[in-house]
Each structure stands twice: as structure tokens, then as C-alpha cells.
2 protein chains.
Amino acid sequence: MLNYLESSNELLQKRGYRLTPQRYMILQVLQEAVGHLSIDQILEGVRKSYPHMNLSTIYRTLELLREVGLVREIHLPGEGVQFEIFADHAHQHLLCHGCRALIHLDADLLGNLPKQIELQYHFYGVTLDLLVAGYCEKCWSTMNAFNTSG
Amino acid sequence: MLNYLESSNELLQKRGYRLTPQRYMILQVLQEAVGHLSIDQILEGVRKSYPHMNLSTIYRTLELLREVGLVREIHLPGEGVQFEIFADHAHQHLLCHGCRALIHLDADLLGNLPKQIELQYHFYGVTLDLLVAGYCEKCWSTMNAFNTSG
DNA sequence: GTTCGTGCAAATACTTTGCAAGTCG
DNA sequence: CGACTTGCAAAGTATTTGCACGAAC
């Protein structure tokens with residue numbers, strides 16, 4: 001997928017930034033990842049090919065890439081920040097409050113909501129992030145053992 | 001709303017915990033708040049009536065209350081963790097990547113999705129959190145000034 | 001008296017910043 | 001040369017932990 005990295009380069013240049021080796025490597029790691037990565041995972045990933053990579057460079061780079069719209073950050077309860085390539089798809093997670101199990105939902109649950117919101121609120125390039133949190137069967141019964149009077 | 005605090009007490013007791021003055025105050029502050037509060041806001045709030053309140057007590061208490069299901073944590077891009085009384089309503093935020101403006105959406109955008117998910121995934125007591133992120137009109141044009149070739 | 005909870009101080013973890021040196025246009 | 005970047009070290013924040021003391025069961 002050189003195309004992606006090339007177009008990233010263009011975008012950065014237009015904003016007066018360079019696609020340095022470090023930035024390139026970070027984008028590459030993010031791109032090759034299936035989902036979102038934590039700061040540490042990114043660091044690790046880059047260090048496989050460039051052991052010298054510095055943590056503060058990661059932070060600075062991610063902030064830059066976020067600002068120009070190449071990556072986005074994801075927050076999930078109980079976890080640190082994570083990052084991923086900015087893509088035009090909805091995120092849908094199902095989280096159990098009890099055991100903190102996290103499931104990715106694939107079904108298209110949100111339909112044409114994005115369009116609807118763009119029109120209604122004059123927002124553009126919107127992505128949706130749905131977090132469904134509740135209790136899985138197991139944790140639910142644990143909860144209820146305490147909740148029901150008696 | 002003494003009822004709420006009383007039932008919190010019951011719940012805690014059942015799990016072998018006590019509703020100490022500190023915990024009581026924290027719940028009270030959260031309850032009186034309109035929306036979600038940051039750790040600092042909670043500390044501040046409690047200190048109005050009890051200047052001695054300690055930060056680590058806040059952390060420990062929130063973790064406890066979260067675990068028993070009385071409060072929940074909320075993460076929004078670019079902000080620290082926030083907490084609120086666990087209530088059975090959906091959160092819907094609209095965030096601008098550019099200026100980080102945050103808008104609460106009131107409309108009922110998600111319909112019967114909760115029920116649907118409970119049935120389909122065997123999760124219970126689910127709440128939904130929708131984060132719609134995009135660019136507001138102003139930031140969108142700024143972006144485009146850079147994005148369009150030329 | 002034993003378990004639970006708090007305050008305080010110290011330890012960790014996470015993130016940002018300042019600066020000297022290197023790279024690219 | 002001048003603007004942009006990085007690595008490193010240091011400074012900041014945020015969060016967690018250990019422990020002695022006090023309160024509740």
C-alpha cells in the first residue's frame with residue numbers, strides 16, 4: 001500500500017511538514033495493524049525495524065498526524081489512548097462493565113446516521129463511534145446476586 | 001434525592017462495603033452535577049464542604065463505585081477521564097476534530113438499538129454511547145484549503 | 001478484635017517540554 | 001541559511017500504592 005503513504009506525504013507537505021522516516025514508520029505500523037494500537041504497541045512496532053525510536057517522537061508524531069487528519073485517537077473505558085489510521089468507517093464496541101471484555105461489533109447498526117447528522121448539524125467527514133456497555137451474561141448474574149434484595 | 005443515596009448505601013452494604021462520608025459526598029457531588037465531571041471537578045466539589053478530601057480517596061472511591069455499578073467513566077478525545085452517576089440513558093456527543101468543540105446531542109438517534117443488542121448479544125443493562133466526530137463547517141473549510149490539490 | 005477505609009507520603013506511569021544537533025528545501 | 005525534526009534528559013501530570021491510624025461491624 002505505497003499509495004497510502006505517498007498521499008500522506010503529499011498532505012503533510014501541503015501543510016508544511018515532512019514525511020520523515022520516523023513518521024513514515026509510525027504510519028506504516030498503524031497501517032499494518034488490524035485495529036487500533038496503544039502508544040506502547042506503536043513504539044514496539046517501530047522499534048522492530050528502528051530500535052532507536054524515541055517515545056517523545058511517537059507522541060509528537062501522533063499529535064501531528066491527528067491534527068492533519070491522518071490518524072485518530074480512540075478511548076475506551078479502562079484502557080489508555082489508542083490510535084489508528086483515520087478511516088471512514090464506524091467503530092462499534094461492546095464492553096462488559098464487569099469483566100471489561102471488549103467485543104468488536106461488525107453489523108451495520110447505524111445505517112445512514114452519518115448522512116443524517118451531516119445534514120442536520122453541518123458537520124462534515126463524520127465518523128461514528130458507538131460504545132455499547134453493559135454486562136455479559138456471567139457478570140450480570142454476579143451483579144444480581146448482590147442486587148436482588150435478600 | 002435521598003432515595004438514591006440510600007439505595008446506594010444498600011447496594012454497597014450488600015457487597016460488603018460501607019457508605020462512608022467520603023463516598024457519600026462523592027456520590028452527592030456527582031448526582032448534583034448536570035453531566036459528567038473530571039476527577040478535579042469532583043475533588044473541588046467535595047472540598048467545598050470537606051476541604052480535607054484527599055485525591056487518592058477520590059480515585060479509590062471512583063474505582064469502587066464503578067466496579068459496583070454506581071458510576072461510570074466516560075472518555076472523550078482530548079480530555080481526561082470523566083465520571084457520572086450510572087444512568088440508563090444514551091450519551092451522544094458531536095465532536096469537531098479541528099477545534100475540539102463538543103456538542104451534546106439530545107435527539108433520540110439510536111431508537112431501539114439497546115434492546116436489539118441485548119437480545120442479539122446476551123448483554124444486559126446496556127447503555128449506548130455515541131461519539132460522532134467530524135469537522136464543523138469552519139474547520140472543514142480550513143482543512144480543504146490544504147487538502148484540495150493546488 | 002477484625003475488617004474496612006482514609007490521609008499522607010512516596011512510588012509509578014504517562015505525557016510534555018527545552019535544547020543542542022541533524023536534515024531538507 | 002532557515003524552518004522543520006529528532007533524541008535525550010528533565011519537568012510536569014496523572015494515577016497507584018504502602019502504611020499507620022481511626023471507624024464500623
Taking atom [atom2] of [N] as reference, at what distance in whole Å does atom [atom1] of [X] sit?
X     : N      : atom1 : atom2 : answer
B/L64 : D/dT16 : CG    : P     : 14 Å
B/N54 : D/dA20 : CG    : C1'   : 14 Å
B/M25 : C/dG5  : CE    : P     : 15 Å
A/K14 : C/dG25 : NZ    : P     : 17 Å
A/R15 : D/dC4  : CZ    : C1'   : 15 Å
A/E63 : C/dC14 : CD    : C1'   : 15 Å
B/L55 : C/dA10 : CG    : C1'   : 15 Å
B/L65 : C/dC4  : CG    : P     : 17 Å

Within the structure, does a side-chain N or O atom of [X] lie under 4.0 Å from either OP1 or OP2 of [N]?
X     : N      : value
A/Y59 : C/dT15 : yes
B/Q22 : C/dG7  : yes
B/H52 : C/dC8  : yes

Return the nearest nucleotide to the side chain of [X]; candidates are [options].
X     : options               : value
B/Y50 : C/dT6, C/dC8, D/dC8   : C/dT6
A/R23 : C/dT6, D/dC25, D/dT6  : D/dT6
B/M53 : C/dG7, C/dT15, D/dC8  : C/dG7
B/T20 : C/dT15, C/dT16, C/dT6 : C/dT6

*Test item: side-chain donor near acceptor, A/N54 and A/S56, under 3.5 Å*: yes
_Of A/V81 and B/T57, the one whose closest DNA chain C nucleotide lies more 5'_ = B/T57
_Let me spell it out: for each of A/R60 and B/L19, pick the nucleotide of DNA chain C with the closest heavy atom. Which residue's pick is nearer the 5' end?_
B/L19
*Of all the heavy-atom pairs spanning A/Y4 and A/L27, show the shortest one and how long it is.*
OH-CD2, 4.2 Å
*Are the aromatic rings of A/H91 and A/H104 close, with centres under 6.0 Å apart?*
no
*Strictly under 6.0 Å, is that where the ring centroids of B/H36 and B/H93 end up?*
yes
*asked:* Ring-plane angle category for A/H97 and A/Y135, please: parallel below 30°, perpendicular beyond 60°, tilted otherwise.
replied: tilted
*Counting only distance, no hydrogens or angles, is the base of C/dT3 paired donor-acceptor with the side chain of B/R18 under 3.5 Å?*
yes
